[in-house]
> 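Take a look at this one; I'll ask things after.
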Protein chains: 2
Amino acid sequence: MPRSGTAPGEAGNVSISAVARQAGVSVATVSRVLNGQAVVKAETRDKVMAAVDALGYRMNHLARNLRTAASRLLLTMVPDVGNPFYAEIVRGIDSVARQQGYFVLLCDTGADPGRERSYFDLLRTRRADGAICLDPDTVQQALAEEAAPLPWVACCEFDPEAAVPYVGIDNRAAAREAVQHLLARGHHRIALINSDERFLYARQRRQGYRDALTDAGLRLHPEWQVNVRSLDFAAGAEAAAWLMALPEPPSAIFAVSDTLAIGVLRGLRDAGRRVPDDVAVIGFDDIALAAQVDPPLTTVAQPMRELGETAARLLLQRLAEPGVAVPGMLLPHRLICRASA
Amino acid sequence: MPRSGTAPGEAGNVSISAVARQAGVSVATVSRVLNGQAVVKAETRDKVMAAVDALGYRMNHLARNLRTAASRLLLTMVPDVGNPFYAEIVRGIDSVARQQGYFVLLCDTGADPGRERSYFDLLRTRRADGAICLDPDTVQQALAEEAAPLPWVACCEFDPEAAVPYVGIDNRAAAREAVQHLLARGHHRIALINSDERFLYARQRRQGYRDALTDAGLRLHPEWQVNVRSLDFAAGAEAAAWLMALPEPPSAIFAVSDTLAIGVLRGLRDAGRRVPDDVAVIGFDDIALAAQVDPPLTTVAQPMRELGETAARLLLQRLAEPGVAVPGMLLPHRLICRASA
DNA sequence: ACCAAAAATGTAATCGATTACATCGTGGAT
DNA sequence: ATCCACGATGTAATCGATTACATTTTTGGT
């Protein structure tokens, strides 16, 4: 193995003062060149640059960050990186962050307050400049109390009462529309498969579901409203099986997440029901997979990428102008009609 | 809005010297207490701890890291965070890293060498202590050349010739077994849907596919071997449609990734073929979704979590003992027979 | 040729920790 | 009483950058 190694000045241990020595100037000048300040003579700049790549110098950002008190790292805390919904939001965040010269430190909290805290400490100790939190608003509450002045924003999940900037959608209205769509197709026995109600969206979508039914003059059936503890396919499949085993099973199911809805499709198939003929299904999010399953899933689309981008922009804005209050904002959703309902 | 703020010592700008002043001791003593050194008297320790939480002190890790030349950050570079396969590996990495007191900085490179480089610079400039790379081995090559001495390891994708520790599976053997399974079910017209051959696994699995066919004395049909440019569902669906439009379409399809295979299922359905009766399908990875689709997917399982855990352990080991050579290792795969083949 | 203003560069303090080394007390051996 | 060893603590250098301020050089006007 011909370990060619790093070509010029051996390893990456070259400091700014080594460069200064090599170039025959002071560290200040080197620093100025490196930071693109206009006040250096072209000739000197060249000498410095020559020294820089003669020695293979690379700046130690730790030192710079210590001095400038900025890390150019943005924390992003998500309950589950594996969920395609969050993955897409993260892409949105990443794209605007990179564009502004920030790196994104992605953390999978599993919606666990303990891990959330430990990650959040990165912000407190200045290892990150700002944070975007997608965790349940109930776990955010604790943070909001003790960390209100720190630069962070909430995405998807938020407490409208808190002084923390946020971006999300109008979950209640969106859920109502979804259920109304089902009603319009003639369904009266409509079930709700909801997730952990620590999530704001879960509570809001339940509200929307109830709004639609009561508006239509229908009675709420408690056993048609089920809560599952996780958002994976299996949870959806189980819930569907359970609903179908009811003496009076529903003829339509509204699941608050596409992953659940896809599990529901599976559960219904196993229970021998055809979709949408026997049971209609409607999901939420419009993840890429939703269009691929059989039948393609009717769902409420969230502008995932934009949610991420907006969150990042909000945060960057807050970082740039620490004083000014950044407003919360809601992005539009859209009902996508496919074959499952 | 009752902005209670951070309770005690105002913001997080308290330094170690402030604590020292408050406690009436020197900074050295405070540092010793904070780092759990045994040489401080219990009485002093208490004074210090009292001062610490009187002022709400939190250590500035930038400063500490500058001094100790360690960031306790591990870089993880993946081609696509949204892919459930990578997501699970990342979980494995994260779990062992956290356990050892490291944070994971997750980077979505999109398999783009430019972004890869820019992230890799975090390592060079000591903002991260080590890195795990899951990008195509062709993009790794460049890194291997110039960054061989830096502490990083390869996961899934690797160059066996390079001096970089790695963990992966025996893709060639795994692919051969998959195709042999198809052969054993009486299929002779077997297609391969492969991904970007910049990936080592793509090249190795193609080899395995060919091995199995030639071992069985079958001729290779060039038009039954298609390469797609991305791993998403749509790519699989398109490829399947294309294959079915052939004058002599295959009776079985081996897709090198479950996401592709799931797209294939969709494509076959659209083309009016039943699975597995008309066409058998076999995937690769065994992502969670594979068991949920209709029909449940036969696939080659990779130990995703273990791959991640092992990669992290390899890296940590390399960090702990910089001198010693860490070997490459292969983990076992397993054929999971479900209904699609 | 001279001087002030402007431009370029250098000096040294600083960010907030760690840690080698120096110093101070105190108790036990002689 | 003297001295030493050792435990506890303090002093100050250090990590590698940025930057206010001081100093030197250049420029241009007369």
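Sequence lines set the chain letters: A, B, ... in the order given, protein chains first and strands last, and positions in each chain run from 1.
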> Whole-Å distance between C:dG16 C1' and B:Ile16 CD1?
8 Å
> Distances for protein N/O vs nucleotides 11-13 of chain D N/O pairs under 3.5 angstrom?
none

> Please enumerate all residues that pass ring pair (Phe, Tyr, Trp, His ring centres under 6.0 Å) together with A:Phe199, with sequence neighbours excluded.
A:Tyr201
> Does anything in residues 17-30 of chain B form a side-chain hydrogen bond (donor to acceptor under 3.5 Å, both in side chains)? List the pairs, not counting sequence neighbours.
B:Ser15-B:Ser17, B:Ser26-B:Thr29
> How would you list all residue pairs meeting ring pair (Phe, Tyr, Trp, His ring centres under 6.0 Å) that involve residues 85-110 of chain B, not counting sequence neighbours?
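Residue pairs with at least one partner in residues 85-110 of chain B: A:Tyr119-B:Phe103.
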> CG of B:Leu62 versus P of C:dG16: gap in Å, rounded?
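Distance check: B:Leu62 CG to C:dG16 P gives 10 Å.
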> Restricting to non-hydrogen atoms, name the atom on A:Ala154 and the atom on A:Gln140 that form the minimum distance, rounded to 0.1 Å.
CB-OE1, 3.5 Å
> Scan residues 15-43 of chain B for pairs that pass ring pair (Phe, Tyr, Trp, His ring centres under 6.0 Å), counting only residues two or more places apart or in two chains.
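As it turns out, there is no ring pair (Phe, Tyr, Trp, His ring centres under 6.0 Å) pair with a partner in residues 15-43 of chain B once direct neighbours are skipped.
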> Any pair with a residue in residues 96-123 of chain B that passes salt bridge (charged side-chain N to carboxylate O under 4.0 Å, His left out), sequence neighbours left out, goes on the list, sorted by first then second residue, please.
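For residues 96-123 of chain B, and leaving out neighbouring residues, the salt bridge (charged side-chain N to carboxylate O under 4.0 Å, His left out) pairs sorted by first residue read A:Arg58-B:Asp121, A:Arg91-B:Asp108, A:Asp94-B:Arg115, B:Arg117-B:Glu146, B:Asp121-B:Arg124.
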> Please name all residues satisfying side-chain hydrogen bond (donor to acceptor under 3.5 Å, both in side chains) with B:Asp135, sequence neighbours left out, ordered by chain then number.
B:Thr109
> What I want to check is whether the side chains of A:Asn65 and A:Ser71 have a donor and an acceptor closer together than 3.5 Å.
no
> Within this structure, what is the CG-to-P distance between A:Leu66 and C:dG16, rounded to whole angstrom?
7 Å
> Mind calculating the distance between CZ (B:Arg64) and P (D:dG16) to the nearest angstrom?
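So the CZ-P distance, B:Arg64 to D:dG16, works out to 18 Å.
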> Specify the separation, in whole Å, of atom CZ of A:Arg21 and atom C1' of D:dG16.
13 Å
> Only pairs at least two apart or in different chains count here, so list each side-chain hydrogen bond (donor to acceptor under 3.5 Å, both in side chains) that has a residue in residues 39-49 of chain A.
none
> Round to the nearest Å and state the distance from A:Asn65 atom CG to D:dA17 atom C1'.
10 Å
> Using five base pairs at each end to define the local axes, how bent is the helix from C:dA1-D:dT30 to C:dT30-D:dA1, to the nearest 10°?
60°
> Please name all residues satisfying salt bridge (charged side-chain N to carboxylate O under 4.0 Å, His left out) with B:Arg72, sequence neighbours left out, ordered by chain then number.
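With sequence neighbours excluded, B:Arg72 shows a salt bridge (charged side-chain N to carboxylate O under 4.0 Å, His left out) to no residue whatsoever.
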> Can you sort out the partners of A:Ala50 under side chain to side chain contact (heavy atoms under 4.5 Å, CB included), two or more places apart, ordered by chain and number?
none
> Starting at atom CZ of A:Arg127, determine the distance to atom P of C:dG16, rounded to an integer number of angstrom.
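A:Arg127 atom CZ is separated from C:dG16 atom P by 16 Å.
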> Picking from D:dA17, C:dT9, C:dG16, which would you name as closest to the side chain of A:Ser15?
D:dA17
> Could you state the atom-to-atom distance from CG of A:Asn60 to C1' of D:dT18 in whole Å?
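Checked: the CG to C1' distance equals 13 Å.
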> Going by heavy atoms closer than 4.0 Å, what residues in residues 41-51 of chain B are next to DNA chain D?
B:Lys41, B:Thr44
